[in-house]
**Student:** 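Encoded as structure tokens, here's the structure I'll be asking about.
Quantities reported herein were computed from a predicted structural model and do not represent experimental measurements. Counting starts at 1 for both ligands and their atoms, in listed order. Numbering of residues begins at 1 and proceeds along the displayed sequence.
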Amino acid sequence: MSETHKQTLKNIKRVVLKIGSNILVDSKQGAVNKRFIEALAASIKNIEDKEIVIVTSGAVGAGMLKLGYKEKPSVIPEKQTCASVGQIELMHVYSQAFANENITVGQVLLSAEDFRHRDRYKNLQNMIHLMLSKKIIPIINENDSVATAEIKVGDNDKLSSDVALFLDADLLLLFTDEDGLFDDNPKINPKAKLIPLVSKIDESILSLAGDPNSTGSAVSTGGMYSKLKAIKAVVESGCHAFLANGRRVLPHSVFLDESTVGTFFMASHKRLSSRKRWLTFVSSPKGSLVVDAGGIRALKNTHSSLLPVGILSVVHQFDAGDLVNVLDESGNLVARGITKYDSETLRLLLRKKTYEIHALLGDKAPEEVIHKNDLVLLA
Ligand code: GLU
């Protein structure tokens with residue numbers, strides 16, 4: 001381990017730890033892996049100077065086992081039922097294991113809606129900060145028993161990167177059932193070598209993840225590709241990431257044992273402000289605005305607000321206050337921001353100058369669609 005790597009680990013305070021279903025659910029014993037969670041609690045007790053937030057998977061897997069399913073059900077109410085039964089099993093084990101170490105835990109169940117609205121997002125941030133200040137460990141999962149496809153974050157790799165971003169974490173620790181990132185598929189090529197340090201996630205690194213559509217195992221959701229995507233989002237916002245095998249590595253060893261096996265991903269960019277992180281990575285836009293070349297130039301060169309005069313068309317339905325993408329005429333994503341107008345009103349204002357807007361809607365109507373402070377350039 002290099003000196004920089006060591007120093008980086010020393011300075012880490014807030015850690016988001018994501019644990020995959022394969023580790024949490026013991027399919028041989030048909031139950032939640034109590035031994036692992038007990039070891040986890042004891043390990044976290046050793047690093048009490050860090051703030052730990054856990055993103056747990058395993059609810060659907062634990063429920064499946066309890067209810068006698070051999071495979072993940074594809075029918076949504078069945079999956080939701082498994083999650084409902086499994087989540088409580090899982091939390092029961094967490095709560096007892098951490099209580100044995102005198103640590104209090106709290107359950108937080110989220111859906112994509114909680115990230116989409118800035119107010120909800122801020123409330124959530126405040127609540128989790130309060131938990132951390134009281135030394136309570138938040139244990140977060142997707143609210144799988146109510147979340148259907150359109151309001152889902154998707155998989156817990158994405159959920160953990162969203163959580164790391166909204167909590168401004170220093171490190172995202174991903175515990176999976178592989179030792180880290182390899183230069184080839186270790187399941188096929190026994191000579192594949194582990195990559196201990198990655199300082200930039202470019203195309204060549206992404207290509208090591210194999211099939212972008214790989215969906216993990218019978219109980220887990222994301223494959224290596226979804227992990228690398230999650231890691232890419234956090235490192236580009238100034239948070240480090242570590243990918244390790246949760247069957248062999250525990251959180252305290254990442255900080256206290258230099259020989260810990262895994263792949264460390266150095267943050268490749270400076271910290272983004274909370275607002276920019278939210279706009280860029282976390283929230284999901286409701287629609288898009290297609291803007292002409294002059295409008296795009298103004299955004300890029302003079303960092304100005306987006307005015308109706310440059311807007312050519314409006315895609316999808318959205319309300320005032322929603323997040324929208326800004327596209328150029330060829331459909332390339334250029335920026336993202338919070339719109340002051342809903343989609344219906346905006347359709348009446350396309351290409352209009354300020355005096356025309358005021359004639360239509362009155363003098364109080366905002367002249368800009370996205371104010372420059374609510375806009376982030378992506379290209
Ligand atoms: N939220 C799901 C569960 O608890 C897991 C999703 C995932 O592993 O990505 O079962």
**Student:** Is there any N or O on Glu142 that sits under 3.5 Å from an N or O of ligand 1?
**Tutor:**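 Checking ligand 1 against Glu142, no N or O pair falls under 3.5 Å apart.
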**Student:** Please work out whether the ring planes of Tyr121 and Phe166 are parallel, tilted or perpendicular, with thresholds of 30° and 60°.
**Tutor:**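 Ring orientation of Tyr121 relative to Phe166: tilted.
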**Student:** Side chains of Leu24 and Phe36, heavy atoms from C-beta outward: is any pair under 4.5 Å?
**Tutor:** yes
**Student:** Please work out, at 4.0 Å between heavy atoms, whether the side chain, the backbone, both, or neither of Val60 comes within that distance of ligand 1.
**Tutor:** both
**Student:** Would you indicate which of Leu24, Ile140, Asn141, Asn143 comes nearest to atom 4 (O) of ligand 1 when only heavy atoms are counted?
**Tutor:**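 Nearest heavy atom to atom 4 (O) of ligand 1 lies in Asn141.
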**Student:** Check whether the side chains of Asn185 and Asn189 place a donor and an acceptor atom closer than 3.5 Å, and report yes or no.
**Tutor:**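 Looking only at side-chain atoms, Asn189 and Asn185 do not form any donor-acceptor pair under 3.5 Å.
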**Student:** Give the atoms of ligand 1, by number and element, whose distance to some non-hydrogen atom of Ser57 is under 4.0 Å.
**Tutor:**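 Counting from 1, the qualifying ligand atoms are 4 (O), 5 (C), 7 (C), 8 (O).
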**Student:** Do Lys193 and Phe182 form a cation-pi contact, if we require the NZ or CZ to be under 6.0 Å from the six-membered ring centre and within 45 degrees of the ring's axis?
**Tutor:**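 No, cation not above the ring by the 6.0 Å, 45° rule.
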**Student:** Are any of the N/O atoms on Asn156, whether in the backbone or the side chain, positioned under 3.5 angstrom from an N/O atom of ligand 1?
**Tutor:**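 Among all N and O atoms of Asn156, at least one is under 3.5 Å from an N or O of ligand 1.
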**Student:** With sequence neighbours left out, which residue pairs that include part of residues 359-369 fulfil the salt bridge (charged side-chain N to carboxylate O under 4.0 Å, His left out) condition?
**Tutor:**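 Matches after skipping sequence neighbours: Lys340-Glu368.
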**Student:** Does any N/O atom on Asp157 come nearer than 3.5 Å to any N/O atom on ligand 1?
**Tutor:** no
**Student:** Decide whether an N or O pair under 3.5 Å exists between Asp144 and ligand 1.
**Tutor:**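 Yes, since at least one N or O of Asp144 sits under 3.5 Å from an N or O of ligand 1.
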**Student:** For a quick test of your reading: what N or O donor-acceptor pairs under 3.5 Å do the side chains of residues 91-108 make, sequence neighbours left out?
**Tutor:**
from: Tyr94; atom 1: OH; to: Thr56; atom 2: OG1; distance (Å): 2.8
from: Gln107; atom 1: OE1; to: Gln87; atom 2: NE2; distance (Å): 3.0

**Student:** Short N/O distance, under 3.5 Å, between Ala59 and ligand 1?
**Tutor:**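 There is such a contact, yes.
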